[in-house]
Amino acid sequence: MKSRFKKKAIPFIATTILATTALSTQTLFNEGSNQKAEAQSFSKEEVKKKDTTWLAGDHHIHSEWSVGWDNSTNPPTPIRAGDAIYPTVKNAENAMKYGLDWMVTTDHGGPNHSKVNLEQAYPELLKSRQAVPDVLQFYGMEFDTPAADHSSLIIPKSDNESTTLYEIESQFNKREPFPNDNIRDTEETMIQALNYMKGLDELPIIIAHHPSRSAKDMGVWGQDTPQEFRNWNDTAPNIAIGMEGAPGHQATSINKDGSNDPNGARGSYGNVNAPTMGGFDQMTAKVGGLWDSMLGEGRHWWITATSDSHVNWRDGGGDFWPGEYSKTYVKSVKDYGNIMENLRNGHVFVTTGDLISELDVKVQAGGKSPLHAVAKGNSASIGETLTLPGKKKDVTVTIRLKDPKAVNANGDKPNVKRVDLIMGEVNGKVEDKTTAENITTKVVERFTEKDWKQDGEYISITYTLKDVDKDSYIRLRGTNTDQLEPVADPRGEDPWTDLWFYSNPIFMKSSK
């Protein structure tokens, strides 16, 4: 397509990449004695869905091409490994070591950094793909978001992925121009960028990073605001799809020798009045907060968890390796296009510390069989929408999660102590885009060991929501702690002792 904007001459780089695509899939699961009966009633589409698995990934990883800058020159000269220090292939090797199936290289920008990405970072990514083929490695960047903080910009794998990112970064990244251009740092520029991306043949993904790291207090926002997120999502709902629920930089309280740093702030959330909560951003962690406010509009606004890896704690930094602590699981087949689409469609859950490694949730209303329920749209899983048959129906929620017995990267075997079922109403778009609460959202049930069935590493829970008659949604979270709600993380907290998982929502639509 032709851009409406004046383009720079693109430095030549020879690339030959095969892009693969597949149908977007997502699975329903079966349990115990019901497995054989349900398998016989699966449609052809559901058979395809059964080929998917939970694939762990990380979409916020820096290499040595997240450069420093020598400001004594005009324009400033990039300094390799001046910020993040590792070659791309080392990141990929550690991603594989810690159980990741996919990752995204997200080097951040600066003056003319689009050339650094195109001419230096991208060739290294191609080499890394060959060296570590078991980890699918997407190309992207940490976008210096106009009028906001940073975001993951994930580019679909294709023959022209390198020039696609070059075009976006060179035209819209707010730190790209030298000297600085204040027009770049406006929300109008961000909306222009999203409209440009909408016109591409293959759509990228934007996910906001550490959204409350610059907040001044609880609910007193900094660079990222509720109205910005709503405007992005209104402009490009299939591109601006969510935010980091659990930010990176979670190893700040661990010294190089493994001892405790009492001053370390999880996530590098330095303001003591606006810390993380159980390692999660306040926009996600607070029940009835901003995330629930956006879900209460029916928005498909998903959360993820990342490492934001720059310098590992063993080398004196405050970061974990990709997959060492945080994982974003996508239900997909192991294919670039399929992972991208299932991430876009919210078939996602997140966890820290390998608390769990699978989380399947199914809601069903009406119908005498699973086949009947699926055919009528009366069954749904994470990221999907359940259609309620009739004005008022009981909804059965079936949860199956894997609490692995294997040790995590800290040598621990954390156990799930509690699972919370959270529910809120969907009442349509808000008039005031600064709105950051949903007063209808609440924890409807807390499940402990006495409430579930355990079969080896698997935990199964069944619960009935009575007389559901309103547009609504459910989501899940769980923890290894005794906290009823995630509390503000104190300085120096050991992140391995405070673990949580969160699902993305399932929506329920009434027939009213």
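All values below come from the heavy atoms of this structure, side chains included, with hydrogens, waters and symmetry mates left out. Residue numbers count from 1 along this sequence.
- The closest donor-acceptor contact from the side chain of Asn263 to the backbone of Arg491 lies at 3.5 Å or more, if one exists at all.
- At a cut-off of 3.5 Å, with distance as the only test, a side-chain donor of His108 or Asp83 sits close to an acceptor on the other residue.
- In this structure, the side chain of Thr77 does not engage the main chain of Asp70 through any donor-acceptor pair within 3.5 Å.
- Taking CG of Leu118 as the start and OG1 of Thr164 as the end, the distance is 11.0 Å to the nearest 0.5 Å.
- In this model, a donor atom of one side chain and an acceptor atom of the other lie less than 3.5 Å apart for Thr276 and Asp489.
- Under a 4.0 Å N-O distance rule, the pair Asp281/Arg213 does not qualify as a salt bridge.
- Side-chain polar atoms of Asn94 and Tyr86 form no donor-acceptor pair below 3.5 angstrom.
- A donor-acceptor pair shorter than 3.5 Å cannot be found between the side chains of Ser307 and Glu324.
- Within 6.0 Å of CG on Leu484 lie more than 12 heavy atoms contributed by other residues, nucleotides or ligands.
- Under the 4.0 Å criterion applied to side-chain N and carboxylate O atoms, Glu124 and Lys127 are assigned as salt-bridge partners.
- Looking at Asp292 and Arg475, a side-chain N of the basic residue comes within less than 4.0 Å of a carboxylate O on the acidic one, giving a salt bridge.
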side-chain contact (heavy atoms from CB on, under 4.5 Å), that's the test. Do Tyr166 and Asn117 meet it? Break it down for me.
CA-CA 7 Å; Tyr166 179 86; Asn117 261 338; over 6 Å; no

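- In this structure, Tyr269 has no ring-ring contact (aromatic ring centres under 6.0 Å, His included) partners at least two apart in sequence or on a different chain.
- Counting only distance, with no hydrogens or angles, the side chain of Gln137 and the backbone of Ser128 share a donor-acceptor pair below 3.5 Å.
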Starting from the C-alpha separation in whole Å, work towards a yes-or-no answer on side-chain contact (heavy atoms from CB on, under 4.5 Å) for Leu359 and Tyr329.
CA-CA 9 Å; Leu359 177 62; Tyr329 280 90; over 6 Å; no

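- A 6.0 Å sphere centred on CD1 of Ile183 holds no more than 12 heavy atoms belonging to other residues, nucleotides or ligands.
- In this structure, a donor-acceptor pair under 3.5 Å is present between the side chains of Asp144 and Asn173.
- In summary, the side chains of Thr441 and Asn438 do present a donor paired with an acceptor at a separation below 3.5 Å, with no hydrogens or angles considered.
- The distance from atom CZ of Phe229 to atom NZ of Lys433, rounded to the nearest 0.5 Å, is 13.5 Å.
- Each of His60, Lys327, His59 was checked for a side chain to side chain donor-acceptor pair (under 3.5 Å) with Thr304, and the lone residue meeting it is His59.
- Side chain of His62 to backbone of Asp308: no donor-acceptor contact under 3.5 angstrom is found.
- Look at Lys174 and Asp185 and you find a salt bridge, because one of the NZ, NE, NH1 or NH2 atoms lies within 4.0 Å of a carboxylate O, short of that distance.
- Taking the six-membered ring for Trp and the full ring otherwise, the centers of Tyr325 and Trp496 sit less than 6.0 Å from each other.
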Please test Ser66 against His310 for side-chain hydrogen bond (donor to acceptor under 3.5 Å, both in side chains), starting from the C-alpha separation and ending with a verdict.
CA-CA 8 Å; Ser66 286; His310 286 68; 5.4 Å; no

Quick one: do Phe501 and Thr479 satisfy side-chain contact (heavy atoms from CB on, under 4.5 Å)? Show the steps, please.
CA-CA 6 Å; Phe501 70 82; Thr479 183; over 6 Å; no

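- The distance from the NZ atom of Lys90 to the OG1 atom of Thr88 is 12.5 Å, given to the nearest 0.5 Å.
- At most 12 non-hydrogen atoms from other residues, nucleotides or ligands lie less than 6.0 angstrom from NZ of Lys286.
- Side chain of Asp107 to backbone of Met141: no donor-acceptor contact under 3.5 angstrom is found.
- Classification of the Tyr139-Tyr122 ring pair by plane angle, with boundaries at 30° and 60°, yields tilted.
- Under the rule for a ring-ring contact (aromatic ring centres under 6.0 Å, His included), the partners of Phe280 that lie at least two apart in sequence or sit in another chain are Tyr502.
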Any chance you could lay out the side-chain contact (heavy atoms from CB on, under 4.5 Å) test for Glu485 and Val443, step after step, and finish with the verdict?
CA-CA 10 Å; Glu485 294 296 326; Val443 178; 3.7 Å; yes

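- When the shell of 6.0 Å around NZ of Lys334 is examined, it contains more than 12 heavy atoms from other residues, nucleotides or ligands.
- Checked against salt bridge (Lys or Arg N to Asp or Glu O under 4.0 Å), Asp471 has the following partners two or more places apart in sequence or in another chain: Lys509.
- Look at Glu161 and Arg129 and you find a salt bridge, because one of the NZ, NE, NH1 or NH2 atoms lies within 4.0 Å of a carboxylate O, short of that distance.
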